[in-house]
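Counting starts at 1 for both ligands and their atoms, following the listed order. Nothing fancy with the numbering, it's 1 onward along the sequence.
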Amino acid sequence: MLGAVVSAKTNQLVRLDTNGLAEGSTRALFGQDAEALAACMAAIGEPRWRGRQLAEGLYRQRVTELGAITTLPALLRGRMQAEGWRVGRPRIGQVFVSQDGTERYLVEGVAGPETVETVWMPEGDGGETGDGSEEEGRSWDRATICVSSQVGCAVNCQFCLTAKLGLQRNLTAGEIAGQVVAVLDRQGVELGKDRLNLVFMGMGEPLLNYDPWMAAVRLLVEEVGISPQRMTVSTSGIVPGIERLAEEPPEVRPKLAISLNAPNDAVRSEVMPVNRKWPIEAVVDAVRQVRLRSRERITFEYVLLGGVTDRPEHVAEVARLVRRTGLPVKVNLIAWNPGPGIPYAMPQPEGVEAFKRALVAEGVPVYLRRPRGRDIFAACGQLKRTVETGAMPHSAP
Ligand code: SF4
């Protein structure tokens, strides 16, 4: 019987809150915060502080088996396993390694059969350059993990392969944070020693899965130990989500990137239909509510689609738009990565450089994101469960 255990301390029969856990099934611990883990321990007659031992094992030691949390008594570990409790962290199912060192993973979730995509870029892609997070003496040569927040996406950006999937389901907090911990584990990252950035730019629109996504951020900050100033969330411009983000305390709020991708509302509504609901000015108004930290900048991501968003006349429009915000803004240019069935053309390489130079001449801080892992379909806009398509994936550029 899964719903009751005998407390080793009291010899009393204690009923577990199994949330309808069926006999023979299991229950994941990964994804629960310290308070929930303490409550779990209390529910089986253990002191609440054992929840802290669980949290240490799950999020700092990165264990994948309950039996490996040796700070817990062996009897308790055995009892919990017998009752169906397990770590339940998402696991890396398949690995694709690029010539440039980028690795793309198909990560198996725990709340459904679908896989999601997570990308490891050992030297980043330059996306954080100039956003206020650099340290003295270091620039962009840092590892970055690109994290997914949904299976598929409902936003329907016309240049994005993930959009082709539609929204299949939201990921849980454990599935979002679990992508990060699984990659940290695989790469042997020592937080505090190794430099690491997280970008929530994988499959899905994080701000349309706000509560689980933010719960994952809290876990990553408070339990895993990653600074929110090393995290960037990219949104297509979901105004209610940006307004909620603005309410988050600075101790846990990631930096914000807006997928702008067009010089004006007319073009943006074509390439990003979400603009018809929340046009550029509404998005910028919401962004103004975010209380920026010292040196922090808002990033405008800008995908250059050949002949659509990279015309010479667009430069002045983008510069005007940036100036009108009155915000500390930087622009990340991304040369569009092609995907099957997407009716756009790559920009000419010389056109990308010319666009960048012209924006710089307008006084706009601008950086060119280096395409990473194109050969394994890991670059921006390419993510989409490749296991099925044979080509693949994602996302929010
Ligand atoms: S670019 Fe991002 S928000 Fe737009 S469809 Fe793709 S995953 Fe969704």
TODO: Could you tell me which atoms of ligand 1, counted from 1 in the order shown, lie closer than 4.0 angstrom to a heavy atom of Cys160?
DONE: 1 (S), 5 (S), 6 (Fe), 7 (S)

TODO: Determine whether Arg89 and Leu29 make a side-chain contact, defined as any pair of heavy atoms from C-beta on separated by less than 4.5 Å.
DONE: no

Open item on the list: Just so I know, are the side chains of Gln179 and Ser148 near enough to count as touching, which here means a heavy-atom distance under 4.5 Å?
Closed with: yes

Open item on the list: As an exercise, identify every atom of ligand 1 less than 4.0 angstrom from a heavy atom of Ala163.
Closed with: 5 (S)

TODO: Start with the C-alpha distance between Asn209 and Gln150, add both sets of side-chain angles, then the distance that settles side chain to side chain donor-acceptor pair (under 3.5 Å), and finish with yes or no.
DONE: CA-CA 7 Å; Asn209 185 25; Gln150 296 178 308; 5.5 Å; no

Open item on the list: Within ligand 1, which atoms have a heavy atom of Gly204 less than 4.0 Å away?
Closed with: 7 (S)

Open item on the list: If you count heavy atoms of other groups shown closer than 6.0 angstrom to CD of Glu281, is the number above 12?
Closed with: yes

Open item on the list: Counting C-beta onward and ignoring hydrogens, is there a side-chain heavy-atom pair between Tyr105 and Val116 closer than 4.5 Å?
Closed with: no

Open item on the list: Which of the numbered atoms in ligand 1 are under 4.0 angstrom from any heavy atom belonging to Asn156?
Closed with: 5 (S)

Task: N/O/S atom of Cys157 inside 2.8 Å of atom 8 (Fe) of ligand 1, strictly under - done: no

TODO: Find all atoms of ligand 1 within a distance of less than 4.0 Å from any non-hydrogen atom belonging to Cys153, and give their numbers and elements.
DONE: 3 (S), 5 (S), 7 (S), 8 (Fe)

